[in-house]
Amino acid sequence: MSIETPASARMERAGRLDGAIVAPAERPRAGVRLDLILMLALFVLAIVPRAAWVAYNDRAPQGLNDPTLYALFGDMIADGHGYVRPTGEKFAYYPVGYPATVAGLKKAGDIFGWDRSIFSIKMMNGMFGALTVLLLYLLASRIFDRRTGVVAGALLAVFPSQVYYTGTVLSEPLFTLMWIAALTVLLWKPWSRDGMPWYQLFGAGVLLSYATMTRGITLLFPLVLLGVWLFSLRSKKRALVQALIVWAGIAVLVVPWSIRNTAAFGQLTGPSTNVGDDLCIGNFLGAQGAFTLQGKCFANDAGKTPQQVELDRNTEGVKIAVRDVASHPFRMPKLIAQKAYWLLYKDDDGIWAAESYGHDYFIPNFRREVLAFAANAVYYATGLIVLVGILAFVLAKDLRRLTVALGFLYVLAIPLAFFGDPRFHYPAMPLAVVIAAATIVRLWDRRGASAPVAGV
């Protein structure tokens with residue numbers, strides 16, 4: 001009969017090298033080296049498919065759409081004109097974070113000698129995606145273990161829709177990088193009931209500030225943190241102070257840019273002017289929950305300058321949305337369900353975006369179908385695993401795991417106030433992958449525990 005070696009004995013034996021006990025100080029260094037090796041492997045696994053997709057999709061965006069305009073405004077900023085239209089009018093419709101980042105890449109190209117190519121922008125998005133994989137490995141490793149980190153990182157590295165969006169000039173990879181970076185800072189160490197250091201909270205807030213300047217949905221995330229801290233910290237005052245420190249970090253970029261917009265347009269303006277459009281599109285009487293350019297949200301644009309249209313639609317859109325929701329409240333449950341459907345129903349929209357939303361069909365039909373099938377198959381399978389495992393996150397004693405689940409649900413919930421589109425669930429997928437990875441590892445361990453011991 002064979003006898004299993006106790007875990008403590010195996011660990012002790014692992015700490016010996018040629019009969020000598022490895023000093024405790026050497027073990028953390030060995031752990032750091034192992035992390036670096038695993039991260040290098042994950043980076044290669046992530047960057048290879050992204051670089052291949054970008055090389056295949058090395059095409060300028062076609063038509064008048066977000067990718068075309070992001071590239072245009074990146075040029076305007078890089079040329080020193082500021083965030084303005086080609087006519088010289090001030091602009092604030094898109095949050096400035098991504099156009100400014102594109103402009104920084106273009107300016108660096110001017111200085112260091114590479115041209116202002118679409119390829120370089122898409123490869124920048126590829127790097128953002130690969131770096132997100134590394135952050136996800138660190139995040140999952142800190143709140144679980146290295147095995148979970150490797151599974152999460154590897155899954156995100158080859159997750160089809162995460163790869164496809166690198167072939168676009170869109171803000172999703174940058175936003176997701178900043179979002180996961182902020183969570184990694186927040187969740188780096190187990191939370192104490194006495195609170196967290198101010199610099200950790202403020203640092204996460206600054207990262208969220210960059211994320212908010214890219215997509216405004218993270219502006220209210222400290223409310224989620226406040227809800228967790230009110231129940232977990234010894235002091236409710238401390239919980240409020242911590243949330244305010246995170247907001248102070250968010251304000252670092254958001255407040256100065258809002259002041260710029262207010263001064264530029266002569267009226268109180270936030271970090272961007274597309275809130276009215278987004279609210280109106282999703283909530284006007286007649287809305288079906290999806291993106292549309294039809295309806296009364298766009299009925300009064302004739303005869304106005306582009307800047308007047310931008311400002312008027314921002315203010316009028318909010319009024320229309322509030323009025324129509326207040327006057328017909330009983331349609332909202334159905335409308336929210338429609339938004340949720342359009343938000344979640346598929347995951348192959350990165351292909352649609354890469355082909356300029358129908359303006360540049362360059363992928364052969366059969367290949368497109370295969371790519372779409374791969375994206376949706378992986379997405380649906382991951383979704384099923386998340387449904388199985390998310391309850392364990394919500395009920396976990398480690399509140400960092402609860403925060404991962406709430407962050408995932410938060411990113412999915414915010415679009416329901418506006419309109420649904422598959423593009424909007426992109427930044428939620430890394431957290432879905434963490435939940436799925438932890439569930440897979442846990443199920444694998446249970447399988448191993450239930451198997452009979454050989455030789456007994």
Side-chain angles (χ1 to χ4, degrees), residues 28-29 31-32 35-36 38-39 97 128 131-146 148-149 152-153 156 174-256 393-394 396-411 427-428 430-431 433-435 438:
R29 287 199 293 269
V32 171
D35 282 333
L36 292 175
L38 291 173
M39 290 171 66
F128 291 157
L131 292 174
T132 302
V133 169
L134 302 188
L135 288 172
L136 200 72
Y137 164 78
L138 293 173
L139 175 62
S141 296
R142 298 299 290 193
I143 63 177
F144 288 100
D145 52 34
R146 281 195 185 93
T148 306
L156 189 68
L174 173 60
F175 172 83
T176 305
L177 173 66
M178 293 297 107
W179 164 235
I180 299 302
L183 289 178
T184 303
V185 171
L186 275 174
L187 308 180
W188 189 251
K189 294 181 179 179
W191 286 356
S192 166
R193 293 194 65 194
D194 294 322
M196 299 167 62
W198 72 267
Y199 53 83
Q200 184 178 3
L201 297 163
F202 187 76
V206 172
L207 291 168
L208 287 173
S209 185
Y210 202 152
T212 303
M213 294 301 295
T214 305
R215 283 187 61 194
I217 65 173
T218 42
L219 189 60
L220 299 179
F221 183 65
L223 285 177
V224 175
L225 299 173
L226 177 61
V228 175
W229 290 332
L230 283 173
F231 288 98
S232 63
L233 297 183
R234 300 182 193 277
S235 166
K236 289 181 170 54
K237 179 181 178 181
R238 176 64 184 176
L240 179 59
V241 169
Q242 289 197 167
L244 291 175
I245 293 173
V246 177
W247 261 313
I250 293 176
V252 166
L253 297 176
V254 171
V255 169
F393 273 68
V394 172
K397 292 182 180 180
D398 188 341
L399 292 178
R400 297 179 300 167
R401 301 180 188 181
L402 170 62
T403 305
V404 167
L406 293 178
F408 167 69
L409 295 173
Y410 171 86
V411 172
L431 299 183
V433 164
V434 171
I435 297 171

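Only heavy atoms go into these numbers, but all of them, side chains included; no hydrogens, no water, no symmetry mates. We count residues from 1, following the sequence as given.
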message: Please verify the inter-ring angle class for Phe144 with Phe393; under 30° counts as parallel, over 60° as perpendicular, anything in between as tilted.
response: tilted
statement: By salt bridge (charged side-chain N to carboxylate O under 4.0 Å, His left out), Arg146 pairs with (sequence neighbours left out) Asp35
statement: Arg400 meets the salt bridge (charged side-chain N to carboxylate O under 4.0 Å, His left out) criterion, sequence neighbours left out, with Asp398
Side chain Ser209, main chain Leu253, donor-acceptor under 3.5 Å: yes
task: Determine yes or no for a side-chain-to-main-chain donor-acceptor pair under 3.5 angstrom, with Arg401 supplying the side chain and Ile143 the backbone.
output: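 Flag set: sc Arg401 to bb Ile143 pair under 3.5 Å.
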message: Please enumerate all residues that pass side-chain contact (heavy atoms from CB on, under 4.5 Å) together with Met196, with sequence neighbours excluded.
response: Leu186, Trp191, Gln200, Leu201, Trp229, Gln242
task: With side chain to side chain contact (heavy atoms under 4.5 Å, CB included) as the test, would you mind laying out the steps for Phe221 and Ile250 before giving the verdict?
output: CA-CA 10 Å; Phe221 183 65; Ile250 293 176; 6.0 Å; no
Hey, what do you get for [atom1] ([X]) to [atom2] ([Y]), rounding to the nearest 0.5 Å?
X	Y	atom1	atom2	answer
Leu225	Leu220	CG	CG	11.5 Å
Leu134	Leu139	CG	CG	12.5 Å
Lys397	Leu402	NZ	CG	14.5 Å
Phe175	Thr132	CZ	OG1	11.0 Å

Taking all atoms of both residues into account, what is the closest heavy-atom pair of [X] and [Y], and its distance?
X	Y	value
Arg142	Leu187	CB-O, 4.3 Å
Ser232	Leu399	CB-CD1, 2.9 Å
Ala152	Val433	O-CG1, 3.2 Å
Leu138	Met39	CD2-SD, 3.9 Å
Ile435	Ala405	CD1-CA, 4.4 Å
Val224	Leu406	CG1-CB, 3.8 Å

query: What do the steps show when you test Thr184 against Trp188 for side chain to side chain contact (heavy atoms under 4.5 Å, CB included), and what is the final call?
result: CA-CA 6 Å; Thr184 303; Trp188 189 251; 3.9 Å; yes
- line: So salt bridge (charged side-chain N to carboxylate O under 4.0 Å, His left out) across residues 192-211, not counting sequence neighbours, yields Asp194-Arg234
- request: Using the salt bridge (charged side-chain N to carboxylate O under 4.0 Å, His left out) rule, collect all pairs that involve residues 178-191, keeping only residues at least two apart or in two chains.
  value: none
message: Using side chain to side chain contact (heavy atoms under 4.5 Å, CB included), reason through Ile180 and Leu431 one step at a time and then give a plain yes or no.
response: CA-CA 8 Å; Ile180 299 302; Leu431 299 183; 3.9 Å; yes
message: As a quick check of understanding, evaluate side chain to side chain contact (heavy atoms under 4.5 Å, CB included) for Leu208 and Trp179, giving each step before the final call.
response: CA-CA 6 Å; Leu208 287 173; Trp179 164 235; 3.9 Å; yes
- request: Using the ring pair (Phe, Tyr, Trp, His ring centres under 6.0 Å) rule, collect all pairs that involve residues 195-220, keeping only residues at least two apart or in two chains.
  value: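 Non-adjacent pairs meeting ring pair (Phe, Tyr, Trp, His ring centres under 6.0 Å): zero.
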query: Quick one: which of Val185, Leu177, Leu183, Thr176 gives a side-chain contact (heavy atoms from CB on, under 4.5 Å) with Leu135?
result: Leu177
